[in-house]
Asks: 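Okay, here's the structure, questions in a sec.
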Amino acid sequence: MTGTATTTSVSLNVRDVHLAFGANKVLRGADLDVARGGTACVIGPSGSGKSTLLRTINRLIEPDRGDVLLDGRSVLRDDPDALRQRVGMVFQQFNLFPHMSVLRNITLALRRIKKLSEDEATRIARAQLELVGLAAKADSRPAHLSGGQQQRVAIARALALQPQVMLFDEATSALDPELVKGVLAVMADLSAGGMTMVVVTHEMGFAREVADTVAFMDHGVVLAAGEPAAIFEAPEHPRLRQFLSQVL
Amino acid sequence: MDTLSTLWETFFDGDSMREALPEMLTVGLPNTLILAISAALLGSVLGMLLAIAGISRTRWLRWPARVYTDIFRGLPAAATILLIGVGLAPLGMEVWGHNPYPLGILALSLIAGAYIGEIFRSGIQSVEAAQLEGARALGFSWGEAMRLVIIPQGVRRVLPAWVNQLIALIKDSSLVYFLGLVASQRELFRIGQDYAATTGNESALLLAGLFYLVLTVPLTHAVNWIDRRLRQGRAVTVDPDDDGGLALVGETALPPQTATGKDQR
């Protein structure tokens, strides 16, 4: 499916983002830079703020302080609903709408938000399903698909809106091991196609092979970021070394 | 034997039933249906508004919804119908003339709205927060996400309870007779009661009961059918031939090594 990414990918910069839930400081000055068409994998222990960082990028959670820039322009004053059409997101639990068919899961936003005709929305949705290998499942309900298939539908749903950035929040963590590869393959292909991506993941092999940048988060900050070789082969930060020794 | 035959004649007198049947069919049944269906529609709309107000972050919506629900759920239905039907009668006379139906429907709707509101609220709140997040991530506003994604799922989950409330409404429609009905306004129960009072025989009242059962029993079974369908619909069947999509996306796209390293949870 190489080449399916939009040609309008943008660079992404997260600058000194802070966020607290009451006294609990979840993000304490997180920074992240992703070049246009690049892929950043965010790794780190549970509770380090990885998923929260993703949600501040598309403003599902508003940061208390800091900035998020697409192509060098701050998006924090944009209409958040419009921003989310530019920044697609895929979740750990897929978040497909169970009362709708697979096809309607994809056409809903195309019809209601993009205001496309039913024929046009259906054409785009079927094309996206074809790309993730699920054209035959268009009329199925999500509950009748495997976890891997559901996640690929979720990716197709996000891609149908032609986002400029894609966020993946532990997209394979809820899948049975034998279904992980198919989803990772779709993500790797998307990366190769030039989509700007931020991937929160536990899949170290994926991060090593696909990412342009790997960022290690702990306690709400990015402690180390760099090319995969530098992060995995020559980790300088002691906390990163400790983390890698536990997961590799 | 005398006691048995007396009981039989009291409740199953064919002549009494035949005498009441035409009026029940042409007057009582339509009136009962008018009361029940009108109150069901209005009560459901009111219930949805109360449900949305009940989950609002604004306390100025949440609290009135709570107070309303507590009052109309806590009062006996007969008391509410009398309070509204009699209390607002002068106003009703000006607007609708001598027709107790609008106020009767209003009272039934206000009662049903309180119950249905709680049913809808519990259904909406049972929908996982991730569904709202998923919809918002696509660019839907809060209102659109609620209308298109959350509310349809929430209502679907409580359909059996909602239909149960409609059954209760059909039965409660008999209480409108408190408001004083002229002959053409009588519903099933009132017609049965009038025949029983004039003949001293309860068979017409039993016939009215049978009409209620004809209306409510199919609905009861519809509830069970809906419940069964919804349960079956939630079953997950995984395609045994699923290869994770590798055949179609091309395994070459995948890095040669995909070690899975999960951090501590």
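Every chain is numbered from 1 and lettered A, B, ... according to where its sequence line falls, protein lines coming before strand lines.
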Asks: Above 12 or not: heavy atoms from other molecules or residues under 6.0 Å from CD of A:E227?
Replies: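 No, the 6.0 Å shell around CD holds no more than 12 heavy atoms from other groups.
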Asks: Contact between A:L108 and B:L138 at the side-chain level, heavy atoms closer than 4.5 Å - yes or no?
Replies: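 A side-chain contact under 4.5 Å is absent here.
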Asks: Show the nearest heavy-atom pair for residues B:A137 and A:N58, with the distance to one decimal.
Replies: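 Between these two residues, the closest heavy atoms are CB-ND2, 4.4 Å.
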Asks: Does the side chain of A:Q93 come within less than 4.5 Å of B:E128's, by heavy atoms?
Replies: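 No; the side chains remain at least 4.5 Å from each other.
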Asks: Does any heavy atom of chain A fall under 4.5 Å from the side chain of B:L148, the backbone, both, or neither of them?
Replies: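 The answer is both parts of B:L148.
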Asks: Between A:L167, A:L244, A:L96, who has the most heavy-atom pairs with chain B when the cutoff is under 4.5 Å?
Replies: A:L96
Asks: For the interface with chain B, which of A:A109, A:P80, A:P177 has the highest count of heavy-atom pairs at distances below 4.5 Å?
Replies: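 Highest number of pairs under 4.5 Å: A:A109.
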Asks: Please list, in residue-number order, every residue in residues 32-67 of chain B that has a heavy atom less than 4.5 Å from any heavy atom of chain A; write 'none' if there are none.
Replies: none
Asks: More than 12 heavy atoms of other residues, nucleotides or ligands under 6.0 Å from CD of A:E233: yes or no?
Replies: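 More than 12 within 6.0 Å, yes.
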Asks: Measure distances from A:R55 to the heavy atoms of chain B and classify the residue's part below 4.5 Å as side chain, backbone, both or neither.
Replies: side chain
Asks: Atom CZ of A:R84 and atom OG of B:S141: how far apart are they, to the nearest 0.5 Å?
Replies: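 That separation rounds to 10.0 Å.
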Asks: Quick one: what part of A:F97 sits under 4.5 Å from any heavy atom of chain B, side chain, backbone, both or neither?
Replies: both
Asks: Using a 4.5 angstrom heavy-atom cutoff, name the option from A:R59, A:Q151, A:M89, A:R157 with the most pairs to chain B.
Replies: A:R157
Asks: A:V87 versus chain B, heavy atoms under 4.5 Å apart: side chain, backbone, both or neither?
Replies: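 It is the backbone, since no side chain atom gets that close.
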Asks: Would you mind reporting whether B:Q131 and A:P98 have side-chain heavy atoms less than 4.5 Å apart?
Replies: yes
Asks: Going by the rule salt bridge (charged side-chain N to carboxylate O under 4.0 Å, His left out), which residues pair with A:R104 if we only count those two or more places apart in sequence or in a different chain?
Replies: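 For A:R104, no residue satisfies salt bridge (charged side-chain N to carboxylate O under 4.0 Å, His left out) once neighbours in sequence are set aside.
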Asks: Can you give me the closest heavy-atom contact between A:D81 and B:R136, atom names plus distance?
Replies: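 In terms of heavy atoms, the two residues are closest at OD1-NH2, 3.2 Å.
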Asks: At a 4.5 Å cut-off on heavy atoms, which part of A:M100 comes close to chain B: side chain, backbone, both, or neither?
Replies: side chain
